[in-house]
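The chains referred to below are lettered A, B, ... by the order of the sequence lines, with proteins before strands, and numbering in each begins at 1.
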Amino acid sequence: MANSEGQTVVIDWEFARIGDPREDLGHYSQMPVLPNLYWADPAGFIARYRAGSGMTADQLNEDVVDYFMLLGEVRMIRQMIQAADSLANGRSRGVMAPYLINATSLLARKYVAVARRLDASPKQRPAGDPV
Amino acid sequence: MITQPTTDQIILDCCRELIDTVLPEITDQVARVRLAMVETTLRNAAVRSAHEIAWAHDEIAAILQFARRVHAAIPDQMLQADLLAYEGQHPAALHLDPVVRAYSAASRLLTTALRLTEASGNAALRHEGDLLVDRRLETEQTILAGWSPTGR
């Protein structure tokens with residue numbers, strides 16, 4: 001993509017598909033690549049997103065982001081575990097598979113922390129979620 | 001058997017060689033990133049090699065204790081079946097393969113026990129289960145050895 005100033009920007013899509021846009025926020029909230037604008041200021045990030053999207057506080061808040069993180073990252077963890085399983089069964093898929101075992105550990109830790117935080121929260125199901 | 005240097009020392013020495021000698025000679029950027037990933041993976045393997053059998057052995061014992069307490073408080077056929085399945089995998093020796101098989105059986109046991117405690121609302125057992133999960137996460141954290149998402 002090129003903007004009006006002639007800058008070229010590359011977008012690296014991950015899990016591109018039609019879905020609830022809040023899945024993007026859940027996924028982004030756990031991204032370990034800095035800078036992570038969500039974790040720098042979750043409340044401010046959410047306020048700006050709500051202002052831009054028209055979502056209400058019930059439709060988008062920190063619990064909702066946590067909820068979609070849990071919902072979406074199951075897919076990511078499954079992919080990484082499948083890659084590790086391939087390696088364990090003698091099917092090498094290059095260095096990325098053993099390397100990403102670390103990411104599985106890191107993500108599992110975040111996943112448990114978020115699940116516990118959400119479990120302790122009084123509002124566990126976001127407004128408008130079809131699941 | 002030559003036991004010193006230990007396996008982790010040998011692997012870490014290979015890591016030093018890769019970074020100090022091999023990496024400076026590589027100019028291709030993709031290859032440099034791949035080498036960094038290999039070196040990180042070897043560092044993780046070094047940590048695992050020094051402790052993984054002991055960690056698995058200790059965690060298996062803790063899971064068994066927990067599962068038996070859960071079974072005593074919440075009798076359940078699936079948990080009983082998992083306990084019996086574990087008995088068939090209990091390692092007679094400390095070679096890695098049987099220990100890993102036993103650890104996998106113990107992990108299935110843990111999953112079943114955690115589901116039961118979650119459904120039962122037994123706060124004490126649930127807390128005990130959480131501590132076991134924490135223990136596993138801490139071990140994983142140790143293996144990470146300062147990992148960062150290079151190449152992402």
Quiz item: Are L71(A) and M80(A) co-members of a hydrophobic cluster defined by side-chain heavy atoms under 4.5 Å apart?
Solution: yes
Self-check item: R17(A): partners by salt bridge (charged side-chain N to carboxylate O under 4.0 Å, His left out), with sequence neighbours left out
Solution: E23(A)
Self-check item: Interface residues of residues 126-133 of chain B facing chain A - heavy atom cut-off under 4.5 Å
Solution: R126(B), D130(B), V133(B)
Self-check item: Separation of E118(B) CD from D119(A) CG (nearest 0.5 Å)
Solution: 6.0 Å
Quiz item: Does one hydrophobic cluster hold both L114(B) and L83(B), with members joined at side-chain heavy-atom distances below 4.5 Å?
Solution: yes
Exercise. Provide the closest heavy-atom pair for R34(B) versus V95(A) in the form atom of the first, atom of the second, distance.
Key: NH1-CG1, 3.8 Å
Practice problem: Determine whether more than 12 heavy atoms belonging to other residues, nucleotides or ligands lie under 6.0 Å from atom CZ of R50(A). | Solution: yes
Quiz item: Do the non-hydrogen side-chain atoms of R136(B) and R109(A) ever get within less than 4.5 Å of each other?
Solution: no
Quiz item: Cluster question for you: counting only ILVMFWY and a side-chain heavy-atom cut-off of under 4.5 Å, with indirect links fine, are L25(A) and V74(A) together?
Solution: yes
Practice problem: Treating Ile, Leu, Val, Met, Phe, Trp and Tyr as nodes and any side-chain heavy-atom pair under 4.5 angstrom as an edge, say whether L100(A) and L137(B) lie in one connected cluster. | Solution: no
Quiz item: Does L87(A) share a hydrophobic cluster with L106(A), counting links as ILVMFWY side-chain heavy atoms below 4.5 Å and allowing steps through other members?
Solution: no
Quiz item: Between S105(A) and L144(B), what is the shortest heavy-atom contact and its length?
Solution: CB-CD2, 4.2 Å
Quiz item: chain A contacts: which residues in residues 2-32 of chain B have a non-hydrogen atom closer than 4.5 Å to it?
Solution: none
Practice problem: I would like to know whether I101(A) and N44(B) meet side chain to side chain contact (heavy atoms under 4.5 Å, CB included); could you show each step before the answer? | Solution: CA-CA 10 Å; I101(A) 290 171; N44(B) 301 144; over 6 Å; no
Exercise. Among the options I143(B), D134(B), T139(B), pick out the one with the most heavy-atom pairs lying under 4.5 Å from chain A.
Key: D134(B)
Exercise. Tell me, please, which residues at least two apart from Y38(A) pass ring-ring contact (aromatic ring centres under 6.0 Å, His included).
Key: F45(A)
